[in-house]
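All values below were derived from every heavy atom in this structure, side-chain atoms included, with hydrogens, water molecules and symmetry-related copies excluded. Numbers restart at 1 for each chain; the letters A, B, ... are given by sequence-line order, proteins then strands.
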2 protein chains.
Amino acid sequence: MPTMSDVARAAGVSVMTVSNVLNGKPRVGAETRLRVLEVVDELGYEINLSARRLRSGRTGAIGLVVPRFDHPYFGDLAARLSSALASTGRHLAVEQSDASKEGELAALSLARLQTYDGVILSVVGLGYADIDRIRPSFPVVLLGEQHMPPRFDQIHIDNITGARLATEHLLDRGARRIVMVGGGDEGHASMVTLRTRGWELAQQERGVPVDDAAVLPLDRFEMSSARIAVRALLARDPSIDAFFAITDQVAMGVLAGIHDAGLRVPDDVQVVGFDNLALGEFTMPGLTTIDPSNAWIVENAVAALDRRIADRDSAPQHLVSPVHLVERGTSRASRAAPSP
Amino acid sequence: MPTMSDVARAAGVSVMTVSNVLNGKPRVGAETRLRVLEVVDELGYEINLSARRLRSGRTGAIGLVVPRFDHPYFGDLAARLSSALASTGRHLAVEQSDASKEGELAALSLARLQTYDGVILSVVGLGYADIDRIRPSFPVVLLGEQHMPPRFDQIHIDNITGARLATEHLLDRGARRIVMVGGGDEGHASMVTLRTRGWELAQQERGVPVDDAAVLPLDRFEMSSARIAVRALLARDPSIDAFFAITDQVAMGVLAGIHDAGLRVPDDVQVVGFDNLALGEFTMPGLTTIDPSNAWIVENAVAALDRRIADRDSAPQHLVSPVHLVERGTSRASRAAPSP
DNA sequence: TTGAAAGCGCTAACAC
DNA sequence: GTGTTAGCGCTTTCAA
């Protein structure tokens, strides 16, 4: 495996010249540059990023830490981030925080974070203390709703507004008994707590009494858990005429549960999700949902990270991404024909 | 940011002793070990992985390179791999090969691969030449059907058998005109070519004439492309009574297209997919599909990689993962009632 | 425009 | 059981 000195020797120059050529430094003769590049090609030389990092600090790699690889929401986020970074000559590596919790080295260990120039960290499921251990000087942007040390940049989704839009929409379309699937009060600002709060607020504002029994908590936000819970609930309470699912994935399970119960969507029961996964266009009928503006989130996360990489002491930003309702067929049309 | 010498100084020992403690080397006094660990904790020391890698070669990180982050098949694979590796004290970082093609440094650049102890590379969409540039000594396991330099370990899915099972199943259930969605002949052993071949073989064996016009090629294996193509096709050819979709994601689009055309599944048209995504349990009706045995693939990929990391000259293995049919509601029941 | 020296933080190899 | 020495491959600094 050739090193920079091998290249230097073969090209008859010093290692510094090779380094300068490879880093695009200006003060190199055109002829020298050409010769070096030829030798690089010839020997198949590739730079050792560990050595570069040890000396200079940079790697060109950005990390994204997500709860799970197999959740489509994070797949979408990662793909968008990857494209955004590729256009600036960097690249993305994605790690999962869930699976490694048991290991000695958490995905959050500084050791691992340090291999990146900066990290975007989805804090779903992570505690304040986990995050507080991260050295303040390390460039991190947090994604998520939890209350986190304010010294970090953080981007929230406007969960309350989103949940409110969803619930108001269902009320507008004639729903009278809306079950909040995956809801609850976790005692702190979390996705679950906030979306449930939005669901409550919308009802209060419309003068609809909020029934705590209409919150259907879920152990895990998986399709199968939701399906089973919804099927059982519908069997014992036929008055339910709508579901607000805490995520689109849960909504998929809700749709299946409704189908299992022999009911029709949206005629018997209406459904609204949250996330606007690509998938939602392809359920039958299409899933009405809340769009959390992933493009906006990615754009601002990269900007915040770049700002922090450039200046580690810049004031931390706390941003809230806009949300909007995407109407499809799982909720009833107001007057016009429903969209496909 | 404290270094190992800081720890050594504070603990009144040499850096080597600190290193030995942190690496769990046996020949360290119990008292010394304890003192070192205390100081590590106190200073918040974390090892510098770049330095370790530069010196020793290992990082504890395994790379997985996939075509796209937002394809659920790879999400599933990544999650499984991550768990498998976590149990051996290592961790997984996932990179995307698609987005960076335009960049100077491909995801395949040795520079980037080198930051891992070993890499599992999904070769969908990558060319022979791309892969051939990888230094033979670097531990890589290839995942995919393309013809690749035989010096690499490679794991294939048994695409022909899978496609055959799918097609035979449709024939068994009374289908007479089966469209292969996403099929084609790419002129070399690729997922597309092989699955199409299996579809042909099954028909030939049953004495059903193979109609080349029944291959519906797709630019991209996305739900929306499939949906549009299927809708259009059904409009002009009502004799179609089944679709074999090249992937489950395509199958999702096929189901939507059939629905758009006002036909019912499985009564009017039957559908079989390929991948056995979790999603397939939640379409209505559930998606009949081919299971490519991801658990088997992950287990064997890790084993092959470990073998190669341990001995870079071990003979390359070419493995074929078993496939089987998963019957759900998009194909007709033979005699018993259909599963949910 | 090019090069020599120093050292980033760690561990292999060997001494004690 | 613990310490010393050397050096992984690169870039920073400074000199030529």
Tell me, which pairs form a salt bridge (charged side-chain N to carboxylate O under 4.0 Å, His left out) where one or both residues lie in residues 78-88 of chain A, sequence neighbours left out?
A/Asp76-A/Arg80

Going 5' to 3' along DNA chain C, which nucleotides are the first and last within contact of chain A (any atom under 4.0 Å from a heavy atom)?
C/dT1 to C/dG9

Rounded to 10°, the helix from C/dT1-D/dA16 to C/dC16-D/dG1 deviates from straight, judged by its five-pair end axes, by 30°

What nucleic acid atoms does B/Thr32 come within less than 4.0 Å of, heavy atoms only: base, sugar-phosphate, or nothing?
sugar-phosphate

Nearest heavy-atom neighbours spanning A/Ala93 and B/Glu95
CB-OE2, 4.1 Å

If you take all heavy atoms of B/Ser122 and B/Pro67, which pair is closest and at what distance?
OG-CD, 3.7 Å

Tell me what A/Arg52 touches on the nucleic acid: a base, only sugar-phosphate, or nothing, going by heavy atoms under 4.0 Å.
sugar-phosphate

Could you report the tightest heavy-atom contact between B/Leu43 and B/Ala10, atom names first, then the distance?
CD1-CB, 4.4 Å

Using only heavy-atom distances, determine whether the side chains of A/Arg307 and A/Gln317 contain a donor-acceptor pair under 3.5 Å.
yes

D/dT2 phosphate, OP1 or OP2, under 4.0 Å from B/Ser14 side-chain N/O:
no

My understanding is that only one of B/Leu142, B/Asp132, B/Asp130 makes a side chain to side chain contact (heavy atoms under 4.5 Å, CB included) with B/Met148; could you say which?
B/Leu142

Close side-chain approach of A/Phe152 and A/Leu121, heavy atoms under 4.5 Å:
no

Considering non-hydrogen atoms only, spot the tightest contact between B/Tyr73 and B/Ile157 and give its length.
OH-CD1, 3.7 Å

Could you identify which residues of residues 4-12 of chain A place a heavy atom less than 4.0 Å from some atom of DNA chain D, listed by residue number, or say none?
A/Met4

By side-chain hydrogen bond (donor to acceptor under 3.5 Å, both in side chains), A/Asn23 pairs with (sequence neighbours left out) A/Ser19, A/Arg52

DNA chain D nearest-nucleotide lookup for B/Arg27 and B/Leu54: closer to the 5′ end is B/Arg27

Verify, without hydrogens or angle tests, whether B/Ser97 (side chain) and B/Val66 (backbone) share a donor-acceptor contact under 3.5 angstrom.
yes

Every protein N/O within reach of nucleotides 12-16 of chain D N/O, cut-off under 3.5 Å:
none

Determine whether the side chains of B/Thr88 and B/Arg90 contain a donor N or O and an acceptor N or O closer than 3.5 Å.
yes

